Amino acid sequence: MGKQKESVTPKGVLLVVSGPSGAGKGTICQMLREKLPDLGYSISVTTRQPRNGEVDGVNYFFKTVPQVKEMIERGELLEYAEVYGNYYGTPRQYVMEQLQSGRDVLLEIDIQGALQIKKRFPEGVFVFIVPPSLDELSARIYKRGTDSEDVIQRRMASAASELTYAAEYDYIIVNDIAEKAAQKVLTIMEAERYRVARTYFIVDKICKGKADTNTKE
Ligand code: 5GP
């Protein structure tokens, strides 16, 4: 007799992607969104200034410090962290609604935020993107050209210690070629959909004589 499990209705997969600045997680997440048009993307709030070309409500919701503090007090953020001197946070309502409606959701957040999310959503899928080397990381941050020298120095100083948090994640992806790295994350998502915790309801249905084996594609 097989082990009895609680029957779980299929819900969306919460995909959390982190990695040091310059590891290329932004590019990979952009590719994922193109390849998975139905993937919900949580737009974070931040108190940092918009970079050239960034649009409020598209890249981030740009807020003041008092506005973010108010959101924290009202419990409107699922997680938040101070990163390089600015607040960043994930609005709760959007993520919860999407997951409950069965849609997968992508969070591109820092390690502190990912660890908070892991406590609340241990069933989430936690992917850590690493660069092929620290030299390559430094080259990418300089090439991006969006940050001042002192910000770059701070980001590089954090990178080495951030890498040690990789052990807290479920998967590590080396981003040598972004397209290939994105493909690997897609493969992970594909496999995650068939986890027992997400598919046991099928066995339940079969046992009850309702043979409907459609899983969420
Ligand atoms: P950037 O300023 O380069 O856009 O982002 C800086 C860092 O903040 C990145 O590691 C990014 O993933 C992270 N980040 C962006 N949004 C959030 C968020 O909502 N929560 C947390 N904890 N980190 C975030």
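No experiment lies behind these values; they were computed from the predicted model shown. Atoms within each ligand, like the ligands themselves, are counted from 1 in listed order.
Nearest non-hydrogen protein atom to atom 9 (C) of ligand 1 is K25 NZ, 3.9 Å. Scanning the protein for heavy atoms near atom 20 (N) of ligand 1, the closest one is E79 OE2, 2.7 Å. Scanning all protein heavy atoms for the shortest distance to atom 16 (N) of ligand 1 gives S44 OG, 3.0 Å. Looking from atom 14 (N) of ligand 1 to the surrounding protein, the closest heavy atom is Y88 CD2, 3.7 Å. Scanning all protein heavy atoms for the shortest distance to atom 13 (C) of ligand 1 gives D110 N, 3.7 Å.
Checked by atom type and distance alone, the side chain of N175 pairs as donor or acceptor with a backbone atom of A23 at under 3.5 Å. A donor-acceptor contact shorter than 3.5 Å links the side chain of R198 to the backbone of E192. With hydrogens and angles disregarded, a donor-acceptor distance shorter than 3.5 Å links the side chain of D170 to the backbone of F126. At distances below 3.5 Å, at least one donor-acceptor pair connects side-chain atoms of S18 with backbone N or O atoms of I109.
In plain terms, the two heavy atoms of V174 and P132 that are nearest each other are CG1-CA, 4.0 Å.
Side-chain contact, Y41 with E108: a donor N or O sits under 3.5 Å from an acceptor N or O. Between D150 and S148, the side chains place a donor N or O and an acceptor N or O closer than 3.5 Å (distance only, hydrogens not considered).
Salt-bridge annotation for K208 and D204: present, with a side-chain N of the basic residue lying under 4.0 Å from a carboxylate O of the acidic one. A salt bridge is defined here as a Lys NZ or Arg NE, NH1 or NH2 lying under 4.0 Å from an Asp or Glu carboxylate O, and E136 with R140 meets this definition. Salt bridge E179/K35: present, at least one basic N to carboxylate O contact under 4.0 Å.
Using a 4.0 Å cutoff on heavy atoms, R155 counts as a contact of ligand 1. Using a 4.0 Å heavy-atom cutoff, G89 is listed among the residues neighbouring ligand 1.
Considering both main-chain and side-chain atoms, Y84 never comes within under 3.5 Å of ligand 1 through any nitrogen or oxygen pair.
Proximity to R48 (heavy-atom distance under 4.0 Å) selects the following atoms of ligand 1: 1 (P), 2 (O), 4 (O). Near G113, with a cut-off below 4.0 Å to any heavy atom, the atoms of ligand 1 are 22 (N). Against a heavy-atom cut-off of under 4.0 Å, A81 is close to the following atoms of ligand 1: 22 (N).
Between the choices Y60, Y87, Y80, the shortest heavy-atom distance to atom 1 (P) of ligand 1 belongs to Y60. With distances taken over non-hydrogen atoms, the option nearest atom 3 (O) of ligand 1 out of E82, E108, R51 is R51.
Counting heavy atoms under 4.0 Å from ligand 1, residue Q112 does not touch it at all. Using a 4.0 Å cut-off between heavy atoms, V83 contacts ligand 1 through its side chain alone, with no backbone atom that close.
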